[in-house]
S.K.: 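My questions all concern the structure below.
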Amino acid sequence: MTATPGAPGEARASSLTPVLTERWDLEDSFTRRVYERNGGYKALRQALQRSPESIVEAVKDSGLRGRGGAGFPTGMKWSFVPKDSPKPTYLVVNADESEPGTCKDIPLMMADPHLLVEGVIISSYAIGATHAFIYVRGEVLTVIRRLQHAVVEAYEAGFIGANILGSGFDLEITVHAGAGAYICGEETALLDSLEGRRGQPRLKPPFPAVAGLYASPTVINNVETIASVPSIVSNGSGWFRSMGSEKSPGYGIFSLSGHVTRPGQYEAPLGVTLNELLDMAGGIRAGHELKFWTPGGSSTPMLTAEHADVPLDFEGMAGVGSMLGTRALQIFDDTTCVVRATGRWVEFYKHESCGKCTPCREGFWWMVQIFDRLEQGQGTEADLEKLLDMSDNIAGRSFCALADGGVAPVMSSIQYFRDEYIAHFEHGGCPFDPADSALFTVERQEEAGVNA
Amino acid sequence: MSPSDDVTNEQSGRPEERMRSGVPPEDAAATRPGVADSAATKLDAKARAEMLEIVARYPEPRSALLPMLHLVQSYDGYVTPAGIEMCAEVLGLTEAEVAAVATFYTMYKRRPVGDYHVGVCTNTLCAIMGGDAIWSELSEHLGVGHDETTDDGTVSLERVECNAACDYAPVLMVNWEFVDNQTPQSARELVDTLRSGGAVNSSRGPRVCTWKQAERVLAGFPDGAETQGVSAGPASLAGLRLAKEKGWTAPTGGQPELDATSGEDQK
């Protein structure tokens, strides 16, 4: 590389770096007209003048890691696709954003669907796919409309279809709406769902890169990952690496929700800290203090105020026993009962378990019973040991990561808030008033109830 | 077509749609796909042709099943035995295979749904920010519980899981459109408007259409409403607005060897 714009870490922390979110405030940002007027589809033209291999190399060099939670290096994932397969290669975009707290891909696709479409075209070109699917969760009608329309507009402009911009490259894109199943965010369950089956995970190996959709080579990437590709192609891997940290380069959307003054989407270099983000978001709700938070959705072990200065990157979060996940920062203040919060998450995992693996299907069902008892003040310390024991028997003993994710809030809440669990026994019930946590004044106390 | 036309034409004189969902007889039929009630279905030759259109979008026909089931709901309001039969026939599957898929996903309903499906997020974050209070208010006000429909067939109520709008908590979904930053009072007013046939605007998208119209979009038949609503809501823009106020940007990019062809850079 002849010129590396910016020094590593130049834009690290304490400031924001809008790239993916940059166009969101434009009127009609979701149209091709506005997208092109603001630099859109230039990266596609650049990419088509280069070899597919050089795009894969650029993404590899950038160090981009999957933005859907696991953080696997994207370029490496792409390079696993066999070059000599007699079967077609597919690109599948995982737009099934459902991890509790995660709310970045949905606004991205609502405001700037062409950015995703451009990323899909470039990525398909890089991996040699001629048919790409955008699997979007069904429960977001406006987003689905905008995606459908963006794809139609891109076809009209000759960006999708046969012989794209005279390059000889052909691509079809299909927008596919899901039907309500968290598990379909797991990549192999997503593939089964896209094949018209119940969304249940597959045993790996074989990995999707070798045998994915229709047992053909398939790359599955998150929306934000694919949407990052055009900027890497345009600006170079050095530019991308000038943000973030060495092992977690680049920018990402951080989603702040809960007891924070200005919740919302904040796009920053990886490695920003919760305290820095809270400063930008006006801090914790007035008159209250941070109690616990998730760094990347409910499946990432919760943290407390003592972790608010730890860099929000893959290494920083792993270093404190959690995970960066989807950068879904759910923030809870001192009015929140951690037992109530955890119990509700466990109910979610029980509801969303696909039922394939016994430890997950049965384990979360029993955990819900225990949490009901705990929240009503009828538990004992033996129940806490039971929960930890069950957690050991659920995590790592099922096909997919739903099981591991589901025990994360259980284990971490007992780790940090054992005393609060015990206070429920001593108090004979929940010592918190749920009305205090609500963002509005509850007119009738009885309606705020935890078992509403 | 206005939502009210849809209501009048498609639902009058259909007692099963008026029935409050307990365990109505058609539920038993829905779980036994072989027992089709042809009188209860609107699926016709046009629907069958549309199913074939969906099939043509995919390299392998079975991939069409999920959108086809959305299409069934756009005609019949829920996954009827006749809908299962038609999907099976079009795809060359058994009805049991189709029913196995239909029963896996929560968006597919096995009982008639009201014209307006109201989902209250009661996952942890929304619940704690006030979603539980909203749920209690609505359930009591409407006199229905989870996955039940009001006697007049207008509103179905459901506790939904996280819908990816946490920065707008507490959130309601009406026919899968976002209704942001709710309170018990605003939610009560919303369902009252829906029941009285008034128009309801979603927070970031268009005016709320009917359940059946929404299902048609999910099946991949656009309704042309994509330009309605904002580009992004206020919370989605919180970071961007702050960055602009402070003059924060991503570093200037650009690969020298490509500048000649790219003109002005994206960044």
S.K.: Output yes when Arg145(A) and Asp223(B) qualify as a salt bridge under the 4.0 Å nitrogen-oxygen rule, no when they do not.
M.R.: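 The answer is yes: the pair qualifies as a salt bridge.
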S.K.: Does a donor on one side chain and an acceptor on the other come within less than 3.5 Å for Tyr58(B) and His176(A)?
M.R.: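 Their side chains do contain a donor-acceptor pair, which is all the 3.5 Å distance test asks for.
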S.K.: Looking at every non-hydrogen atom in both residues, tell me the closest pair between Leu125(B) and Ile331(A) and how far apart they are.
M.R.: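 Nearest pair, atom of Leu125(B) first, then Ile331(A): CD1-N, 4.4 Å.
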S.K.: Between Ala169(B) and chain A, with a heavy-atom cut-off of 4.5 Å, which part of the residue counts as in contact: side chain, backbone, both or neither?
M.R.: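 The backbone, not the side chain.
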S.K.: Please classify the contact between Ile106(A) and chain B as side chain, backbone, both or neither, with a heavy-atom cut-off of under 4.5 Å.
M.R.: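 The side chain, not the backbone.
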S.K.: Examine whether an atom of Phe348(A) lies under 4.5 Å from a heavy atom of chain B, and if so say whether it belongs to the side chain, the backbone or both; otherwise answer neither.
M.R.: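 Both parts, backbone and side chain.
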S.K.: Closest approach of Leu66(B) and Ser193(A), non-hydrogen atoms and distance?
M.R.: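 In this case the closest contact between Leu66(B) and Ser193(A) is CD2-OG, 3.4 Å.
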S.K.: Quick check on the interface: out of Ser63(B), Cys121(B), Gly205(B), who has the most heavy-atom pairs with chain A under 4.5 Å?
M.R.: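 Greatest number of close heavy-atom pairs with chain A: Ser63(B).
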S.K.: Charged N to carboxylate O under 4.0 angstrom, Arg262(A) versus Asp167(B)?
M.R.: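 Salt bridge between Arg262(A) and Asp167(B), a charged N being under 4.0 Å from a carboxylate O: no.
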S.K.: Against chain B, label Ser29(A) side chain, backbone, both or neither, depending on which of its atoms sit under 4.5 Å from a heavy atom there.
M.R.: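 Both parts, heavy atoms under 4.5 Å.
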S.K.: Answer with yes or no whether the side chains of Glu177(B) and Thr142(A) bring together a donor and an acceptor at under 3.5 Å.
M.R.: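 Yes, because at least one side-chain N or O of Thr142(A) sits under 3.5 Å from a partner of the opposite role on Glu177(B).
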S.K.: Less than 4.5 Å to any heavy atom of chain B: does that hold for the side chain of Phe254(A), its backbone, both, or neither?
M.R.: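 For Phe254(A), there is no contact with chain B at all, as no heavy atom is under 4.5 Å.
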S.K.: What part of Phe133(A) gets closer than 4.5 Å to chain B, counting heavy atoms only: side chain, backbone, both or neither?
M.R.: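 Contact with chain B: side chain only.
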S.K.: Indicate yes or no for a side-chain donor-acceptor contact from His70(B) to the backbone of Gly138(A) under 3.5 Å, with no hydrogens or angles considered.
M.R.: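 Pair absent, no side-chain N/O of His70(B) close to backbone of Gly138(A).
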S.K.: Using heavy-atom distances under 4.5 Å, tell me whether Val160(B) contacts chain A through its side chain, its backbone, both, or neither.
M.R.: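 Neither part, no heavy atoms under 4.5 Å.
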S.K.: Counting N and O atoms only, with roles assigned by atom type, does the side chain of Arg198(A) sit under 3.5 Å from a partner on the main chain of Ala100(B), one being a donor and the other an acceptor?
M.R.: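 Flag set: sc Arg198(A) to bb Ala100(B) pair under 3.5 Å.
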S.K.: So for Phe178(B), is it side chain, backbone, both, or neither that comes closer than 4.5 Å to the heavy atoms of chain A?
M.R.: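 Side chain of Phe178(B) only, per the 4.5 Å heavy-atom cut-off to chain A.
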S.K.: So what's closer than 4.5 Å to chain B heavy atoms on His259(A): side chain, backbone, both or neither?
M.R.: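 Both backbone and side chain.
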S.K.: Side chain, backbone, both or neither: which part of Gln148(A) has a non-hydrogen atom closer than 4.5 Å to chain B?
M.R.: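 The answer is the side chain of Gln148(A).
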S.K.: Select one option (side chain, backbone, both, neither) describing which atoms of Pro61(B) are under 4.5 Å from chain A's heavy atoms.
M.R.: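 Contact with chain A: none, neither part.
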S.K.: Please state whether the side chain, the backbone, both or neither of Leu26(A) comes within less than 4.5 Å of a heavy atom of chain B.
M.R.: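 Backbone only.
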S.K.: Thinking salt bridges, do Lys244(B) and Glu22(A) make one under a 4.0 Å N-O criterion?
M.R.: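 No, no charged N to carboxylate O under 4.0 Å.
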S.K.: Can you tell which part of Tyr90(A) gets under 4.5 Å to a heavy atom of chain B, answering side chain, backbone, both or neither?
M.R.: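 For Tyr90(A), side-chain heavy atoms alone lie under 4.5 Å from chain B.
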S.K.: With only heavy atoms counted, which part of Arg45(A) is less than 4.5 Å from chain B, the side chain, the backbone, both or neither?
M.R.: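 Nothing of Arg45(A), per the 4.5 Å heavy-atom cut-off to chain B.
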S.K.: Considering only heavy atoms, which portion of Gln228(B) lies under 4.5 Å from any heavy atom of chain A: side chain, backbone, both, or neither?
M.R.: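 Looking at Gln228(B), just its backbone touches chain A.
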S.K.: Side chain, backbone, both or neither: which part of Glu215(B) has a heavy atom under 4.5 Å from chain A?
M.R.: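 For Glu215(B), neither part sits under 4.5 Å from chain A.
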S.K.: Report which part of Glu172(A) has an atom under 4.5 Å of a heavy atom belonging to chain B: side chain, backbone, both, or neither.
M.R.: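 Neither part.
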S.K.: Tell me, for Cys184(A) versus chain B, whether the close heavy atoms (under 4.5 Å) come from the side chain, the backbone, both or neither.
M.R.: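 When you check distances to chain B, only side chain atoms of Cys184(A) fall under 4.5 Å.
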S.K.: For Ala165(B), is it the side chain, the backbone, both or neither that has a heavy atom under 4.5 Å from a heavy atom of chain A?
M.R.: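 Interface part for Ala165(B): backbone (N, CA, C, O).
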S.K.: Given a strict heavy-atom distance threshold of 4.5 Å, which part of Tyr135(A) is in contact with chain B: side chain, backbone, both, or neither?
M.R.: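 For Tyr135(A), the contact with chain B is made by the side chain alone.
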S.K.: So which part of Thr335(A) gets closer than 4.5 Å to some heavy atom of chain B, the side chain, the backbone, both or neither?
M.R.: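 Neither part.
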